[in-house]
Amino acid sequence: MDAFLIRGPSRLAGTVRASGAKNAALPAAAAALLTDEPVVLENVPGVADVRTMGVLLSGLGVRVEAEDAGRLAMRADAVTSTEAPYDLVRTMRASILVLGPLLARFGEARISLPGGCAIGVRPVDLHVAAMQAMGARIAVEKGYIHAHVSRVSAAAGRLSGAEIAFPQPTVTGTENVLLAATLARGRTTLRNAALEPEIADLAELLRAMGAQIEGAGTPTIVVDGVERLTGTGGRPHVVIPDRIEAGTYLAAGAITGGDVTVAGARPGDLTAFLDALRRAGVEVAAEDGGVRVRSEGPLRATDVRTAPHPGFPTDLQAQFLALMTQARGTSRIVETIFENRFLHAAELVRLGADVKLDGHTAVVRGPSTLEGAPVTASDLRASAALVLAGLAARGETRVRRIYHLDRGYSGMEGRLRSLGASIDRISG
Ligand code: EPZ
């Protein structure tokens, strides 16, 4: 099992280019199931989760070709299965994103329940309820969601448009409804939809495939179902830049007292995070078609509270917490989205940080001098936080189980080295 060996402290400086967004590429790939024509995506990140989605789609009979770097060509003209097996779903919860398109186009789906996740229970009840509202019959048995659109109740086995109101915004739940509603009979109105930029990116792809969608990126989305969708024709869909990956490198620049630019990052996707960096005393500028941070003076303790977009992203909470271990004073980090997303705290304490947990709040006192030590990653974003802390720590930090990191970051060690870090991937 791979690990990172990081020698610190280092001061990062320079420019890295933002990759395509993992959390936009996954629903975009699932959209290929909605048509028998080719769907081509570009700026797709080379991360493990995208490869898993490719394996999942191939297992359904979709032709999937990962062509040149960042280009993914898919064609669902000979689908042979509508089952997403446990062995794949348990490695990537986003597999649930095939539920909507399979039901919408084939009238049936058998999807393994995702099972446990380190950061929280993460039920899919809102996905199931939304599909039921659109006329699907769903039973959960033996760990699988069995869903079908009866050919008696819903005309010719098609989903029906519906009024759906989420009690709380859900990102992949919104994406599943968007995907399903494109081929449903009639109008779907989704209220309290998620506002994450990945939603608008999916809607843009679906509209290019002939879908009728209004309001993506706002709390109310209206979809008028159509008979069939086309592919992307001669215009591949270019996936938006990854705001979470960008935020991670900007935090790496800040925690090392450096000067880092993420070219291609969209400041508008990171407003709450960039505001928090500014409050912490980091200089932030939208520059060269990207975002630049400079952190020369002492960092100031800063409170944040995670929230659905455009609030402070939960996927940058761990990285910001690591940053606050180097700030003067006491910071309170409140996690409101996932009930168990502080697994990185105990590992940061192993490096010498002062972090105390109080329910959904982490109380961070700083600045603390971090000393290199072996630490273990528990999930994707926690592992990024440990890497950041390792860059600021004195001596050697060994971050174990970086397979978590590979799920959502491509070539992290190379990018950090290009910014001046001393980091190696080792087996260990
Ligand atoms: C998406 O997960 C992202 N994943 C997550 O990123 C991200 O942390 C999360 O949104 C929040 O921003 C992808 O886009 C692939 P939710 P998702 O449904 O859609 C509850 C990363 O690091 N809920 O918006 O699964 C849920 O438990 C990953 O890249 C229900 O109760 O998150 C949570 O408390 C980690 N029932 C809240 O809603 C449901 O049916 C928001 O979750 C669905 C969700």
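Each ligand, and each atom within it, is numbered from 1 in the order the structure gives.
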Test your reading of the model: is there a side-chain donor-acceptor pair from R105 to the backbone of L33, 3.5 Å cut-off?
yes
Among all protein heavy atoms, pick out the one at the shortest distance from atom 9 (C) of ligand 1; state its residue, atom name and that distance to 0.1 Å.
F338 CZ, 3.9 Å
Could you tell me if R400 and T376 have a donor-acceptor pair between their side chains, going purely by distance under 3.5 Å?
yes
Decide whether E37 and T230 meet the rule of one side-chain donor and one side-chain acceptor closer than 3.5 Å.
no
Can you find an N/O atom of I337 closer than 3.5 Å to an N/O atom of ligand 1?
yes
Subset of ligand 1 atoms that lie under 4.0 Å from at least one heavy atom of D315
5 (C), 6 (O), 7 (C), 8 (O), 21 (C), 22 (O), 28 (C), 29 (O), 35 (C)
Report the nearest protein non-hydrogen atom to atom 12 (O) of ligand 1: residue, atom name, distance rounded to 0.1 Å.
T314 CG2, 3.9 Å
Do I244 and L316 have side-chain heavy atoms sitting under 4.5 Å apart?
yes
Residue-ligand contact H309/ligand 1, heavy atom below 4.0 Å:
no
Name the closest protein heavy atom to atom 40 (O) of ligand 1, giving the residue it belongs to and the distance to 0.1 Å.
L126 N, 2.7 Å
If you scan protein heavy atoms around atom 1 (C) of ligand 1, the nearest is V171 CB, 3.8 Å
Polar contact flag, side-chain donor to acceptor under 3.5 angstrom, H127-N176
yes
A student checking ligand 1 against H127 at a 4.0 Å heavy-atom cut-off should list atoms 40 (O)
Under 3.5 Å between any N/O of A94 and any N/O of ligand 1: does that happen in this structure?
no
Of all protein heavy atoms, the one nearest atom 3 (C) of ligand 1 is N23 ND2, 3.7 Å
Taking distance alone, with no angle check, do R122 and ligand 1 share an N/O pair under 3.5 Å?
yes
Could you work out, for atom 35 (C) of ligand 1, the closest of R93, R341, R381 by heavy-atom distance?
R341
Any heavy atom of D125 under 4.0 Å from ligand 1? The part involved is both
Which atoms from ligand 1 have a heavy atom of V124 less than 4.0 Å away?
39 (C), 40 (O)
Sub-4.5 Å side-chain heavy-atom contact between T361 and I333:
no
P123 near ligand 1, heavy-atom distance under 4.0 Å?
yes
Presence of salt bridge, D303 and R305, under 4.0 angstrom
no
What part of T170 sits under 4.0 Å from ligand 1 if we count only heavy atoms: the side chain, the backbone, both or neither?
both
Salt bridge E335-R341, side-chain N to carboxylate O under 4.0 Å:
no
Can you find a heavy atom in the side chain of L159 that is under 4.5 Å from one in the side chain of L183?
no
Consider every N or O of L26 and every N or O of ligand 1, then say whether any pair is closer than 3.5 Å.
no
Using a 4.0 Å heavy-atom cut-off, which part of Q168 comes near ligand 1: side chain, backbone, both, or neither?
side chain
Are D315 and R243 within salt-bridge range, i.e. N to O under 4.0 Å?
no
Tell me yes or no: between the side chains of Q317 and T306, is some donor less than 3.5 Å from an acceptor?
no
Can you find a heavy atom in the side chain of F106 that is under 4.5 Å from one in the side chain of V79?
yes
Numbering as shown, the atoms of ligand 1 that approach K22 to under 4.0 Å (heavy-atom distance)
21 (C), 29 (O)
For atom 19 (O) of ligand 1, find the nearest protein heavy atom and state the residue, atom name and distance (0.1 Å precision).
T172 OG1, 2.6 Å
